[in-house]
Amino acid sequence: MKTVLKIKGMSCEHCVRRVRDALLELEGVQGADVSLDDGSAAVEHSEGITSSILAEAVEDAGYDVI
């Protein structure tokens, strides 16, 4: 499955890396393409992962999902 999240608060490549790492730490996430320009993350994951689980990981990393 693929879920796209809109993320607020990223301002640099360090932020992108931090969001990507937070998402990839979740069991069931196969990939995360995080874009600073779009303020988004496209996440490839298994069906057991919900958008709220993904959003919680991003928020725990210090960013807002809108």
Side-chain angles (χ1 to χ4, degrees):
M1 293 185 65
K2 182 177 181 179
T3 300
V4 177
L5 303 172
K6 294 298 285 179
I7 301 169
K8 182 179 176 184
M10 295 189 300
S11 60
C12 64
E13 287 302 317
H14 174 75
C15 297
V16 169
R17 194 172 327 111
R18 189 168 171 169
V19 169
R20 181 183 304 116
D21 290 348
L23 291 166
L24 291 175
E25 286 179 8
L26 295 172
E27 186 174 335
V29 171
Q30 291 89 31
D33 183 19
V34 182
S35 171
L36 180 60
D37 293 335
D38 295 339
S40 67
V43 187
E44 291 286 340
H45 57 87
S46 64
E47 289 191 29
I49 302 291
T50 63
S51 59
S52 61
I53 291 171
L54 298 172
E56 184 177 342
V58 171
E59 290 168 355
D60 286 349
Y63 304 92
D64 295 321
V65 176
I66 52 175

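Each residue takes its place number in the sequence, starting with 1.
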Tell me whether Glu56 at atom CD has more than 12 heavy atoms from other residues, nucleotides or ligands lying less than 6.0 Å away. no
With clusters defined by side-chain heavy atoms of hydrophobic residues (ILVMFWY) lying less than 4.5 Å apart, directly or transitively, does Ile7 cluster with Val4? no
Using every non-hydrogen atom in the two residues, find where Tyr63 and Arg18 come nearest and quote the distance to one decimal. OH-CD, 3.8 Å
Under the rule for side-chain contact (heavy atoms from CB on, under 4.5 Å), what residues qualify as partners of Ala22, not counting sequence neighbours? Ala61
Going by heavy atoms in the side chains, are Val65 and Leu54 under 4.5 Å from each other? no
To check you understand the geometry: which heavy-atom pair defines the closest contact between Ala57 and Leu26, and what is its length? CB-CD1, 3.8 Å
Pair listing, side chain to side chain donor-acceptor pair (under 3.5 Å) test, anchored in residues 35-55, at least two apart: Thr3-His45, Thr50-Ser52
I need the minimum non-hydrogen distance between Leu24 and Ala32, along with the two atoms involved. CD2-N, 3.9 Å
Would a hydrophobic clustering, with Ile, Leu, Val, Met, Phe, Trp and Tyr connected at side-chain separations under 4.5 Å, put Ile53 with Met1? no
Val34 versus Ala41, closest heavy-atom pair with distance: CG2-CB, 4.0 Å
The reported gap from CD in Gln30 to CD1 in Ile49 (rounded to nearest 0.5 angstrom) is 8.5 Å
